Every structure is written in structure tokens, then in C-alpha cells.
Amino acid sequence: FRPLSPDDIPIVGAVRSVPGVFLHTGHGTLGWTLCLATAECLAQAMTDDISSTFDLPGGISIERHLLSPDRFL
């Protein structure tokens, strides 16, 4: 894998074409900065497939499709 995604946004979530596979990659040089927030997103992706947002502490929400591995398909 490249350490940086083509659009400079981390790739976090389920790979729909391969059931049971989740990605948490593509952070580039911001890995240490973003990893705690995106790890929370990954945990939510693994436990909840219904919600359309990742809800982070502090009232922050991120639309799942923005981090989805499927955004490149």
C-alpha cells in the first residue's frame, strides 16, 4: 500500500467487495495526527454498519462516504 492516498484523505472502513476486510491506511505524513480519530472511525465501521456518519468525541461527525475505500471505484 502507498502510505498516502491519491486524494490525501485517509482510507477507513469496510471493503464492500471483500466481506470482513477493513482498511485503515493512507494517512501519509499526518498518520500520528489523524490516527486516533480514524481509529475511532474504524471501530465504529466494524461494529455499526447502519449509520451514515462516524461520530467522534466533542460532537464531531464525519460522513462515512468521505473516508470509504469505495470512493475510488
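These figures come from a predicted structure and were not determined experimentally.
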Closest non-hydrogen contact found for Leu66 with Arg71 is O-NH1, 3.3 Å

CG of Leu67 to CG of Leu42, rounded to nearest 0.5 Å, is 10.5 Å

- Does the side chain of Leu56 come within less than 4.5 Å of Cys41's, by heavy atoms? yes

_So Pro6 and Phe72, do their side chains get closer than 4.5 Å, heavy atoms only?_
yes

The reported gap from CD1 in Ile62 to CD in Glu40 (rounded to nearest 0.5 angstrom) is 10.0 Å

- prompt: Under a single-linkage definition using a 4.5 Å side-chain heavy-atom cutoff for Ile, Leu, Val, Met, Phe, Trp and Tyr, are Val18 and Leu23 assigned to the same hydrophobic cluster?
  reply: yes

Taken to the nearest 0.5 Å, the spacing of Ile60 CD1 from Asp55 CG works out to 10.5 Å

Between Ser51 and Thr53 the two heavy atoms that sit nearest each other are OG-O, 2.9 Å

Checklist entry - Quick one: are Thr38 and His24 in side-chain contact, heavy atoms under 4.5 Å? => result yes

Salt bridge flag under 4.0 Å for residues Arg64 and Asp70 = no

Here the gap from His27 atom NE2 to Ile9 atom CD1, rounded to the nearest 0.5 Å, amounts to 11.5 Å

Review point. Can you hop from Leu4 to Trp32 via hydrophobic side chains spaced under 4.5 Å?
Key: no

task: Following the transitive rule for hydrophobic clusters with a side-chain heavy-atom cut-off under 4.5 Å over Ile, Leu, Val, Met, Phe, Trp and Tyr, establish whether Val12 and Val15 coincide in one cluster.
output: no

When rounded to the nearest 0.5 Å, the distance separating CZ of Phe54 from CG of Asp48 is 9.0 Å

In terms of heavy-atom contacts, Pro10 and Ser5 come closest through N-OG, 4.3 Å

Closest non-hydrogen atoms of Gly13 and Ala45, given as atom of the first, atom of the second and distance, are CA-CB, 4.2 Å

